[in-house]
Amino acid sequence: MEFDCTKEGKNIYFACREKAAKYNDLLNSRERAAELLGISTSTLANHELGVTKNVPPDTVVMMSDLYRTPELRSYYCKCECPIGRNLPLATQVSGLQGITVKILNSLDEDAVRTMKKQLLSIAEDGEITADEQEEFDGIVKKLEVLATAISELRMLAEKFQK
């Protein structure tokens, strides 16, 4: 089951629960959802109505797991987390085909071989010099793209295992 919790004029936490209720009747009720999350009904209502400005990360993780919405974690990290909102993170799960293409594109044999040689050359003396910094930053960016794609693949696999 794959779906995105787009706001559609609704709070994202409410929208995710509402969409999850299509496959889990227990989530139709805010009271029952709160019980399953181990929080009070009023706390869940505050999250879903936007009263709570900073939803605790552990609550977001529980919601994401219960609602089977890994994109909720990405949304939180990208839009609400004070640390993550300035980082380039995926905001939604792309689907198996898109993630696979992203990973395989990142693992192009020639590009990996070149990156390996560059990294070995930079690391050879045990430090990153000023003239190596730009090249090193480029390698890190390429690895971050790969790490993000792997993370998306892991979330997608977890979603299908439930």
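The first residue in the sequence is number 1, and the count goes up from there.
- In this view, T114 satisfies the side chain to side chain donor-acceptor pair (under 3.5 Å) rule with no residue, not counting sequence neighbours.
- Environment of CG in N54: sparse, with no more than 12 heavy atoms of neighbouring residues, nucleotides or ligands closer than 6.0 Å.
- For E35, the side-chain contact (heavy atoms from CB on, under 4.5 Å) test picks out R32, with sequence neighbours left out.
- Partners of T43 by side-chain contact (heavy atoms from CB on, under 4.5 Å), not counting sequence neighbours, listed by chain and number: I39, S40, H47.
- Counting only N and O atoms by type, the side chains of E31 and S29 include a donor and acceptor under 3.5 Å apart.
- Counting Ile, Leu, Val, Met, Phe, Trp and Tyr side chains that sit under 4.5 Å apart, directly or through other members, L49 shares a hydrophobic cluster with V51.
- Within a 6.0 Å sphere centred on CD of E127, other residues, nucleotides and ligands contribute more than 12 heavy atoms.
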Legend entry - Criterion salt bridge (charged side-chain N to carboxylate O under 4.0 Å, His left out) on D65 and R73, from CA distance to verdict: CA-CA 9 Å; D65 290 345; R73 291 181 193 199; 2.3 Å; yes
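- Under the 4.5 Å side-chain contact rule for hydrophobic residues, L44 and M62 share a cluster.
- The side chain to side chain donor-acceptor pair (under 3.5 Å) check on D58 picks up nothing, with sequence neighbours excluded.
- Of all heavy-atom pairs spanning A33 and L66, the tightest one is O-CD2, 4.2 Å.
- Of the possible donor and acceptor atoms, none in the side chain of T59 sits under 3.5 Å from a partner among the backbone N and O of V55.
- Within the structure, salt bridge (charged side-chain N to carboxylate O under 4.0 Å, His left out) pairs that include any residue of residues 38-55 comprise R17-E48, R30-E48 (at least two apart or interchain).
- Residues satisfying the side-chain contact (heavy atoms from CB on, under 4.5 Å) test with L146, not counting sequence neighbours, are I103, S106, L107, I150.
- For D125, the salt bridge (Lys or Arg N to Asp or Glu O under 4.0 Å) criterion is met by no residue, not counting sequence neighbours.
- Nearest heavy-atom pair, C81 versus C77, reported as atom, atom and distance to 0.1 Å: CB-O, 3.8 Å.
- Side-chain contact, E124 with S121: no donor N or O sits under 3.5 Å from an acceptor N or O.
- For residues 113-123, the salt bridge (charged side-chain N to carboxylate O under 4.0 Å, His left out) pairs, not counting sequence neighbours, are D110-R113.
- Within the 3.5 Å criterion, the main-chain N or O of T69 finds a donor-acceptor partner in the side chain of S64.
- Partners of S151 by side chain to side chain donor-acceptor pair (under 3.5 Å), not counting sequence neighbours: none found.
- Contacts of D137 classified as side chain to side chain donor-acceptor pair (under 3.5 Å), with partners at least two apart in sequence or in another chain: Q133.
- Minimum interatomic distance between N11 and G50 (heavy atoms only, all atoms of both residues): ND2-N, 3.6 Å.
- Other members of the hydrophobic cluster containing M115, listed by chain and number, are L119, I122, I128, F136, I139, V140, L143; membership follows side-chain contacts under 4.5 Å among ILVMFWY residues, whether direct or relayed.
- Pairing each heavy atom of V60 with each of Y76, the nearest pair is CG2-CD1, 3.5 Å.
- Nearest heavy atoms, Y67 versus Y13: CE1-O, 4.0 Å.
- Rounding to the nearest 0.5 angstrom, the gap separating the CD atom in E152 from the CZ atom in R154 is 11.5 Å.
- Two residues are said to be in side-chain contact when any heavy atoms from C-beta on lie closer than 4.5 Å; C16 and I12 meet this criterion.
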